[in-house]
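These notes are about the structure you will find just below.
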Amino acid sequence: MPMHWERITVFCFFASYAMALLLEVAQFLYRSRTIRLAAVGFTVAGLVAHTGYLVARSQQAELPPLLASTHDWFLVLAWLTVALQLGLQVWNLEFSLGLFVLPLALALVSASQFVRNSPNPRLGTLRHWSMAHASLWVLGIGGVALALVTALMYLVQHNRLRHKQAEVRGLHLFSLERLNRMNWWLIVTSVPLLTLGMASGLWMTYLARDSAHPVNLASLDFIANALMWLMMAMLCGWLLTTRRPAGKIVAWRTVLACSFLLAVLVIMKILSTDGIHSG
Amino acid sequence: MTASPLTLTIDSAPEMNLQVVYCNHQTADLAIRERLAFSTEETLMRAYDALRERFPNSEHVVISTCNRVEIYAAQEDALDAPSRGQLASFFAEFHKVPLQDFFSDLLEESGPAAVRHLFEVASSIDSMVLGETQIVSQVKQAYELATRTEANGPLTNSLFQRALLVSSRVRTETKLVEGRISIASVAVGEFAKSIFDRFDDKTVLVLGAGEMATETLRYLKDEGVRRIVICNRSMERAMPLAAEFGGEPRPWSDLELLLPEADVIVGTTGASEPVVQAELFRKVRKQTGAKPVFILDLGAPRDFAPAIGQIDDSVFLYDIDDLEATCDKNRRLRTREVEKARAIISEETDRFMQDVYHKATGPIIKRLREHWHEISRQELELLYRKLPHLAGEDRDAIERTIQRIVNKLLHPPLETLRVEAKEGTPHGLLDAIKRLFHLKD
């Protein structure tokens with residue numbers, strides 16, 4: 001089976017996720033367990049193809065997927081979000097998680113098409129540090145992406161409850177209490193990961209100071225990453241120091257901070273040709 | 001009841017002898033239904049004895065709930081069928097209620113219409129709350145009690161067993177039971193559970209001790225609520241409710257102390273003006289911060305000033321009108337499913353009637369088949385005596401040929417019977433076959 005993985009294209013899992021999302025949307029018209037199962041089935045199929053694609057790419061580049069290229073790094077991020085969605089979906093099939101997670105996964109897969117497709121030439125002797133740096137960032141950004149999803153769910157659920165409307169057919173969400181708790185934990189765990197990611201990046205910059213490709217800390221890329229980290233650190237600090245913050249305010253601030261972070265990240269990766277992660 | 005339903009239809013009954021005489025929430029007021037109800041098992045057993053005495057050749061099953069009183073009767077002979085008047089007299093004499101007080105409220109159905117009626121009752125199409133599930137167990141209990149007292153018989157047995165299957169099919173194939181339609185269930189199921197993840201760490205404060213409070217507490221208790229505080233002006237009324245749900249009765253003077261502790265507040269006081277004003281609740285929110293609070297105002301007039309809902313985004317205030325809108329929406333969704341349920345019931349009624357008619361033709365078919373095979377067996381014996389030299393294989397071949405001939409000859413009349421039985425018991429055809437082939441009962 002693995003020998004055929006090199007034949008898998010990005011389109012294979014993109015189409016599977018898109019089909020799963022379409023079936024999730026179809027639940028608004030006709031709520032059915034069969035449709036939900038079919039949506040989960042397409043998501044699983046997409047995830048299998050996604051895994052196969054990453055494995056094949058990794059074998060070709062002879063590098064772990066996280067280091068193979070920015071393209072692969074984005075796909076690992078998308079893979080993480082879908083895998084977590086499926087994990088939660090298996091626990092309770094009734095929740096409409098796909099409606100929120102799949103658009104994000106599709107956006108990340110789409111974005112992966114517009115970023116660097118070759119390994120970072122700076123890897124060289126810093127391979128282990130690079131691996132730690134990329135892993136910490138991907139987990140941190142994954143947490144941020146999921147915090148954005150839970151915050152959006154919170155706002156939808158809150159809006160329904162404040163307007164005293166019954167649950168919409170096909171849109172079954174977690175309770176506000178749970179969404180708030182999930183959001184809190186995602187932010188509080190993502191920020192240390194991002195901090196460690198930043199620290200490992202700075203350390204690598206120091207180590208590479210005399211190499212053929214030294215990193216310029218005054219580059220736009222570095223400043224943008226530092227700003228993103230700072231924004232999340234401020235959100236995390238506010239969450240930890242405020243006594244019982246209102247759930248809706250937490251959700252709004254999370255949406256703003258996380259969408260800013262993700263948007264900047266994607267834009268920087270697409271535009272950056274000579275940034276800190278390129279040659 | 002020892003006779004089988006087969007002899008019932010072949011030999012005597014011109015039609016399927018099944019009747020139901022009933023009154024329900026659509027035909028009779030609660031005052032009448034209460035007087036005609038068989039409220040305890042003991043009363044019902046006495047009723048079965050009385051029915052047996054009056055109509056000894058009839059099977060009976062009685063369904064008695066707060067919304068309906070129904071007597072189903074079935075007999076072998078149409079002449080034994082009790083009329084609506086006779087059953088009305090039975091009601092009057094058993095309950096000592098003047099006949100004229102309720103006679104016009106009693107309805108009667110017979111044959112397929114009676115079958116359809118029971119299927120509709122068991123599927124909760126006929127219920128006051130469309131799609132309620134309690135009726136299924138009530139029908140089941142009625143049938144079980146009739147079985148225990150040997151008041152039922154073969155026809156009512158198959159009828160009630162089929163009714164329970166039909167009810168299950170309607171529930172599975174339609175969305176008749178989906179969506180909550182009572183105020184308390186909507187409040188807890190559609191809203192409270194969307195706010196809170198768990199209830200075992202929440203405090204529920206009930207203001208007043210009305211009936212709605214009891215129903216709401218039942219739902220909350222099912223969700224795992226542990227701490228319940230009943231705050232009422234009359235401690236005498238608060239104490240039984242608190243005892244029923246393992247709660248804590250508190251005097252009305254403690255209200256301001258209790259409000260900040262509560263996560264869920266249920267108002268059912270029935271006071272003429274709001275008992276919790278916005279100003280008081282603003283003070284409460286200053287103490288509690290932005291913790292979510294679910295306020296269920298079931299009072300009419302309202303117990304909470306509407307402005308409370310606007311104090312901050314974590315206050316979720318719902319009054320009866322807010323909840324009633326969701327109940328209505330769910331009811332409308334259920335109503336759309338009624339047509340589907342009726343189609344299933346029609347199909348099942350036809351199928352049940354066909355089964356009954358088929359059973360009626362069974363004995364004739366059996367006797368005809370036995371008669372012809374007996375003739376062939378006798379003829380074969382004569383043949384073997386004349387031809388003793390025939391080997392075992394030859395005899396087997398001859399027997400198989402004869403059987404095939406008999407079966408081929410039987411096929412056209414039996415097929416005609418089967419087709420005719422789809423429309424009803426083919427009494428004329430059965431009679432003709434009996435006479436043509438000298439079949440005795």
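Keep in mind that the numbers below use all heavy atoms, side chains included, and drop hydrogens, waters and symmetry copies. Residue numbering restarts at 1 for every chain, and letters A, B, ... go by the order of the sequence lines.
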Inset, instruction - Mind checking the CG-CG spacing from Leu179(A) to Asp197(B)? Nearest 0.5 Å is all I need. - result: 9.0 Å
Inset, instruction - Assess whether atom OH of Tyr154(A) is packed by more than 12 heavy atoms of other residues, nucleotides or ligands within 6.0 Å. - result: yes
Inset, instruction - Find out whether Lys193(B) and Glu177(A) are in side-chain contact, i.e. whether some heavy atom of one side chain is under 4.5 Å from a heavy atom of the other. - result: no
Legend entry - Non-neighbouring partners of Gln310(B) that pass side chain to side chain donor-acceptor pair (under 3.5 Å), sequence neighbours left out: none
Inset, instruction - Report, as yes or no, whether the 6.0 Å neighbourhood of atom NZ on Lys221(B) holds more than 12 heavy atoms from other residues, nucleotides or ligands. - result: yes
Legend entry - Distance (rounded to the nearest 0.5 Å) between Phe316(B) CZ and Leu176(A) CG: 5.0 Å
Inset, instruction - Flag the one option from Asp312(B), Asp322(B), Thr326(B), Asp313(B) with the top tally of heavy-atom pairs under 4.5 Å to chain A. - result: Asp313(B)
Legend entry - Glu173(B) atom CD: more than 12 heavy-atom contacts under 6.0 Å: yes
Inset, instruction - Using a cut-off of 6.0 Å, state whether more than 12 heavy atoms not belonging to Arg218(B) lie near its atom CZ. - result: yes
Legend entry - Within residues 155-164 of chain A, residues adjacent to chain B where the heavy-atom gap is under 4.5 Å: Gln157(A), His158(A), Arg160(A), Leu161(A), Arg162(A), Lys164(A)
Legend entry - Straight-line distance of Arg178(A) CZ to Ile195(B) CD1, nearest 0.5 Å: 15.5 Å
